[in-house]
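Computed from a prediction, not measured in an experiment: that's the story for all the values here.
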Amino acid sequence: YLNDSRYREYERNVTKAYRIVLPKLINSPQWNRGSDEMKVELLKMIMDEIKSSIRQQIIMKANLDDFQQIVRGAYGRYEG
C-alpha cells in the first residue's frame, strides 16, 4: 500500500525511468528486427519490471522510515 505522497513519488520515478529506458530500446538497431507482437510483449515486460522495481524501492524506503520512527520513539533520536 502506498499513501498519496508515496504514490506520487512512484509515478514520478516510473515516468522518469520510462523516459530513460524506452527511447533507448525503441531507438536501438535491434528494435526494427522484431515483430509487432514481440515489441508489445517486450514493452509490457520492461514496463512491468520498472514499475515493480520502483514499487519495491519505495516500500523498502517506507519500511526503513517506519523502523527509524519506532526506534526514535523507543530510544529517542536515532542516528542511522
Could you pull out all donor-acceptor pairs under 3.5 Å where a side-chain atom in residues 34-57 meets a protein atom, sequence neighbours excluded?
unit_1, atom_1, unit_2, atom_2, d
S35, OG, M38, N, 3.1
R55, NH2, Y10, OH, 3.4

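- Contacts of Y18 classified as ring pair (Phe, Tyr, Trp, His ring centres under 6.0 Å), with partners at least two apart in sequence or in another chain: none.
- N27 contributes atom CG, which lies 9.5 Å from atom CG of N32 (distance to the nearest 0.5 angstrom).
- The CZ atom of R19 lies 11.0 Å from the CG atom of L22; values are rounded to the nearest 0.5 Å.
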